[in-house]
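Here's the structure, in structure tokens; my notes come after.
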Amino acid sequence: MSRPFCFAPFSSFSHKPEGYRPCCSRHAKPVPLTTEDWWNSEYLRKFRMAQFSLDTLPEECKLCLAKGDNGGHKYSHEVMSKNYNRNTGVMCVPPSQVYIFTGTKCDLACQMCDSTFSDTHARVFPDRVIPIMDVSVDKPLHIVNRYPHVQLVIYGGEPFLAKETYDIVKLGLLKGDRISFLSNGNRSYRNNRIFQELILPNPDRFSVCISIDGYPSLNEKIRVNARTDVIVDNVKYCQENNIFCDVHFTASKLNAPEFPEFVKWLIAEGLYDYKYFTINSASVDFPEDFKVNQLPEEEKIKALVKIREFRENLSSVFPFTEQQHADIVKCCDGIIASLEE
């Protein structure tokens, strides 16, 4: 069986408040389906069957591939014939990853946020509101309970503000899932019930990705209401309790030129004192106004020179581990590519 352009529709189930997606990428818009058998619904079966030819590949997939985003051919591989029926598009095994969006409740208003993820953003920036589709979908607990032994990825809004997150995590633990969070880290984990009762006793079952978009003044300008000192303490709290935690930098025209200063600030904060600390990055794709390549041409040229020099001289900045060095290089390369678009 030939290799599909992307493996995500064969392995991932994604649930949002306004519908389902065939993969983890934001390029694929939610589809308002409530079928009990979503994993092998007609929509998803056709979506899988279209993955094997550029002529039939959905437009959202072409966009994702062009951007080098979460799915893409570089993460794909052969689909085993015993697991997949090429003629019908049916997967004979359940998904290995389940993405759960717990809703839109969030305490931040990030300037470049898609407000379907943040009720606070919708209030602070009412001119940027993107309406949430009014459809009925399965509740997150029902979705989590449907598939055993998965990598459960929990989004929000902010997942630690959602009432159902405790029960989702508890159920995931009982099922044997590995559980990841994408969090803004803006409220202390030290007195959080989910951390104290469920995560700390099982650190090897969890990972947390926390967003920070620059050194404190820049982060708090971009992420309105952010408390960077609390966020940094949460990263350290995870590291000290053997919970894998990395930092996500969302590159936009607001902060891309400051990435070298951001890394130096992380060093000064002592985060690189933790052997397994790492960062990752992705560039804003929409709203269009905040894309990295929307910088004025003169600023764009200066940023390119600055980030390339930082990348080339990285070894002299701090004695990073091999993995940490590779992660920073990857972030730099992604920002450079976005600047050159």
Side-chain angles (χ1 to χ4, degrees), residues 8 11-16 24 70 75 94-103 105-108 117 139-212 227 230-250 266 269-282 321 323-324 327:
S11 62
S12 301
F13 175 99
S14 183
H15 167 276
K16 289 188 65 181
C24 58
N70 298 330
Y75 296 112
S96 58
Q97 288 182 311
V98 174
Y99 295 85
I100 293 291
F101 290 75
T102 56
K105 189 173 180 59
C106 183
D107 52 343
L108 298 188
F117 293 94
K139 297 297 183 182
L141 267 174
H142 181 62
I143 301 297
V144 174
N145 196 41
R146 191 184 299 178
Y147 303 115
H149 306 298
V150 298
Q151 174 70 42
L152 182 61
V153 184
I154 306 176
Y155 294 76
E158 168 51 41
F160 290 111
L161 291 180
K163 293 180 180 179
E164 61 267 68
T165 301
Y166 183 94
D167 291 333
I168 290 172
V169 175
K170 188 174 181 179
L171 177 58
L173 281 174
L174 291 172
K175 290 167 57 248
D177 296 344
R178 296 185 64 83
I179 303 170
S180 301
F181 294 94
L182 275 75
S183 171
N184 64 32
N186 201 47
R187 298 194 178 196
S188 179
Y189 296 162
R190 295 179 184 272
N191 55 12
N192 180 281
R193 184 184 174 208
I194 296 170
F195 262 83
Q196 301 308 313
E197 297 181 13
L198 302 177
I199 298 179
L200 291 185
N202 305 281
D204 58 329
R205 299 274 295 280
F206 291 91
S207 63
V208 184
C209 179
I210 296 178
S211 295
I212 308 178
R227 298 177 295 168
V230 174
I231 297 169
V232 170
D233 182 66
N234 282 335
V235 176
K236 292 180 177 179
Y237 186 63
C238 289
Q239 297 281 348
E240 289 162 2
N241 286 281
N242 300 311
I243 301 159
F244 179 83
C245 179
D246 61 345
V247 162
H248 178 78
F249 178 85
T250 304
L266 293 172
E269 282 293 319
L271 292 178
Y272 276 103
D273 294 344
Y274 298 98
K275 184 177 179 180
Y276 299 108
F277 174 75
T278 186
I279 62 173
N280 63 78
S281 176
T321 66
Q323 183 61 56
Q324 289 169 341
D327 289 335

How long is the span from the [atom1] atom in [X] to the [atom2] atom in [Y], to the nearest 0.5 Å?
X      : Y      : atom1 : atom2 : answer
Leu173 : Ile179 : CG    : CD1   : 4.5 Å
Cys238 : Leu200 : SG    : CG    : 8.5 Å
Ile168 : Leu152 : CD1   : CG    : 7.5 Å
Asp246 : Asp327 : CG    : CG    : 8.5 Å
Ser12  : Gln151 : OG    : CD    : 10.0 Å

**Item:** Derivation of the ring-ring contact (aromatic ring centres under 6.0 Å, His included) call for Tyr237 and Tyr189
**Value:** CA-CA 8 Å; Tyr237 186 63; Tyr189 296 162; 7.3 Å; no
**Item:** Summary of side chain to side chain donor-acceptor pair (under 3.5 Å) pairs that have at least one residue in residues 198-212, sequence neighbours excluded
**Value:** Ser180-Ser207
**Message:** Are there over 12 heavy-atom neighbours, none belonging to Lys236, within less than 6.0 Å of that residue's NZ?
**Reply:** yes
**Asked** Would the number of heavy atoms belonging to other residues, nucleotides or ligands and lying under 6.0 Å from NZ of Lys175 be above 12?
**Response** yes
Would a distance-only check, ignoring hydrogens and angles, find a side-chain to backbone donor-acceptor pair under 3.5 Å from [X] to [Y]?
X      : Y      : value
Asn192 : Ile194 : yes
Asn186 : Arg227 : yes
Asp177 : His149 : yes

**Request:** Can you label the angle between the Phe101 ring and the Tyr155 ring as parallel, tilted or perpendicular, going by 30° and 60°?
**Result:** parallel
**Request:** Would you name the heavy atoms of Val144 and Ile100 that are closest together and state the gap between them?
**Result:** CG2-CG1, 3.9 Å
**Fill in**
Between Ile231 and Ile210, the two heavy atoms sitting closest are CG2-CG2, 3.5 Å
So, do [X] and [Y] sit near enough that their side-chain heavy atoms are less than 4.5 Å apart?
X      : Y      : answer
Leu182 : His248 : no
Val98  : Val153 : no
Asn234 : Val208 : no
Pro159 : Thr102 : yes
Tyr166 : Arg193 : yes
Ile243 : Phe195 : yes

**Donor-acceptor pair between Ser183 and Glu158 side chains, under 3.5 angstrom** = yes
**Message:** Between Ser11 and Gln97, do the side chains contain a donor N or O and an acceptor N or O under 3.5 Å apart?
**Reply:** no
Please output the side-chain donor-acceptor pairs of residues 270-277 that fall under 3.5 Å, not counting sequence neighbours, one pair per line with the distance.
{"unit_1": "Tyr274", "atom_1": "OH", "unit_2": "Glu240", "atom_2": "OE2", "d": "2.8"}

**Request:** Quick one: do Phe244 and Thr278 satisfy side-chain contact (heavy atoms from CB on, under 4.5 Å)? Show the steps, please.
**Result:** CA-CA 10 Å; Phe244 179 83; Thr278 186; 4.0 Å; yes
